[in-house]
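Here is the structure we will look at, set down as C-alpha cells.
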Amino acid sequence: MAIEPPFFEKYKAILQSSANEKEKPSTVEGFEELELPLIDLSHLNLGPLERQECIEKMGQAAIEWGFFQIVNHAVPDELLNRLKQEQIKVFQQPFDKKSENNFLNLSVQSYRWGNPLATSLRNLSWSEALHISLKDISKMDEYNKLRSTIEEYAEKANFLAQRLAEYLAQNLGIKANYFQENCSPSSSSLRMNRYPPCPYPSMMFGIIPHTDTDFLTIVSQDQVGGLQLKRNGRWVSVKPNPKALVVNIGDFYQALSNGVYKSITHRVIANQETERYSAAYFYCPTYETVIESCSKPSLYKKFSFKEYREQIQKDVKATGDKVGLSRFLL
Ligand SMILES: O=C(O)CCC(=O)C(=O)O
Ligand SMILES: [Fe+2]
C-alpha cells in the first residue's frame, strides 16, 4: 500500500493551469546559506558575567534574527534520534491508514498533508505532518514507541522552552513567572514533519512561508537542509548543525515584547532527491491566556490565544493565508 499522500492528483489542475504563469514561487535560485547565531547554554552555568552575556546574546538574536540555534541544551542526542526513528516508522504507514479520522486515536486533522486550501502555486506544499496537541497525548495509541518517546521529548522540550522564554523575558522586564502562569505542558504541541522527495521543486514548497502561532518554537531537524528565513527582505537558508536545535520567536512573543522580538517568516523548500524530517515543538499558552504588550504604547490590541486562532481559521478559509499579527495592530 502506498505511503505517499496523493499530492499529484490533488495539485494536478493547479500545476497544469499554472504551467505558463509567471507567478512561480522561485524556490531554486542559489540561496545564501547562513549560520544562525549560536547560543551555548552551558554558559548559563559559568560565572554571573558569562550568564548575563549569554542571556543578552539570546535577546539580541531574538531582536535581530528572530532565530537562533542552541547547543548544550540538555536534550540527549539519543532521545532526538529515537524520536526521529519513531517518526520515520509512523510516516511509513499506508496513506489510507494515516488519513483515517481516528488515526492513533488522535483528534481529527492531527494528520495533515499538502495544503487542502491551495488555489495557486504560491500555496502548494509537498509535505505531511502529524500535529499533536499535547493535551491529546494520554489517549494516543502507543504505536511502537511513538507515544512514550513523544512524552519523554515533550517533557524535556517544555522545560527547555520555558527556560528560554524566561531568559528572553529578563531582557524586557517581563515578570519571571509569566510563562509558568500561562503555559502548561498540555497547552503546547508537537508537529512532526516529513518532506518526501518532490518531483516539482521549482513549482512549490515543502512548507509555505509562514510565521509560527506560539511564543517560541524549538525545531529539531536532520542534516538535509531546506529551512529558510526571510532576512532583510531576502530568503536565506539555515545551515543545519548536527549538535544544535533551532529556536524561533513566534507571533505571541512578538506581541508580548511589543514588537521587540521578531516572529520571522520562514518556509521549507522542496527537495527533488532527498527526504527530510523535522520536529517542531510549539510553546503555547492556554487558550484563555490574554496576550498584551509588555510596554506602552502598545503596537497590538490585546487578544486571547482563542481569539487569535479563530481569526486565523477565518482568514485561512477566506484568503488561503493566516494573515496573523497584522490583524491585531492598533
Ligand atoms: O521543517 C522545518 O525545519 C520547519 C518546520 C516549520 O516551520 C513548522 O512546522 O512550523
Ligand atoms: Fe514554522
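All ligand and atom numbering here is 1-based and tracks the order in the structure. Remember, predicted model here, so these are calculated numbers, not experimental data. The chain is numbered in sequence order, starting from 1.
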*State, without any angle test, whether E166 and Q170 hold a side-chain donor-acceptor pair at a distance under 3.5 Å.*
no
*asked:* Show me which atoms of ligand 1 lie under 4.0 Å from any heavy atom of R191.
replied: 9 (O)
_Qualifying residue, where the test is ring-ring contact (aromatic ring centres under 6.0 Å, His included) with F252 and the options are Y300, Y308, F328_ = Y308
*Pull out every atom of ligand 1 sitting under 4.0 Å from any heavy atom of H266, numbered as shown with elements.*
7 (O)
*Does D212 approach ligand 1 within less than 4.0 angstrom via side chain, backbone, both or neither, non-hydrogen atoms only?*
side chain
*What protein heavy atom is closest to atom 9 (O) of ligand 1, reported as residue, atom name and distance in Å?*
N193 ND2, 3.1 Å
*Name the option, out of G206, P240, S278, that contains the heavy atom nearest to atom 2 (C) of ligand 1.*
S278
*Can you tell me which residue and heavy atom of the protein come closest to atom 3 (O) of ligand 1, and the distance to 0.1 Å?*
R276 NH2, 2.8 Å
*Contact between H210 and ligand 1, counting heavy atoms under 4.0 Å?*
yes
*Hey, is E9 close enough to K12 for a salt bridge, meaning N to O under 4.0 Å?*
no
*Work out whether the distance between some heavy atom of Q221 and some atom of ligand 1 is less than 4.0 Å.*
no
*Run through the protein N/O/S atoms less than 2.8 Å from the Fe ion (ligand 2) and write them out by chain and number.*
H210 NE2, D212 OD1, H266 NE2
*Between E310 and K306, is there a salt bridge with N-O shorter than 4.0 Å?*
yes
*Test: R267 cationic atom under 6.0 Å from F205 six-membered ring centre, within 45° of axis*: no
*asked:* With ring-ring contact (aromatic ring centres under 6.0 Å, His included) as the criterion, how do W126 and F7 come out once you've worked through the C-alpha distance, each side chain's angles and the decisive distance to 0.1 Å?
replied: CA-CA 7 Å; W126 197 272; F7 293 113; 4.4 Å; yes
Donor-acceptor pairs under 3.5 Å, side chain of residues 172-180 to any protein atom, not counting sequence neighbours: which ones?
from : atom 1 : to   : atom 2 : distance (Å)
K175 : NZ     : E181 : OE1    : 3.0
N177 : ND2    : E181 : OE2    : 3.1

_Basic-acidic side-chain contact under 4.0 Å: E275, R194_ = yes
*Would you please name every residue forming a salt bridge (Lys or Arg N to Asp or Glu O under 4.0 Å) with E33, sequence neighbours left out?*
none
*Which ligand 1 atoms, with their elements, are less than 4.0 angstrom from a heavy-atom of Y195?*
1 (O), 2 (C), 5 (C)
*Please list, chain by chain and in numerical order, all residues satisfying side chain to side chain contact (heavy atoms under 4.5 Å, CB included) with F159, sequence neighbours excluded.*
R163
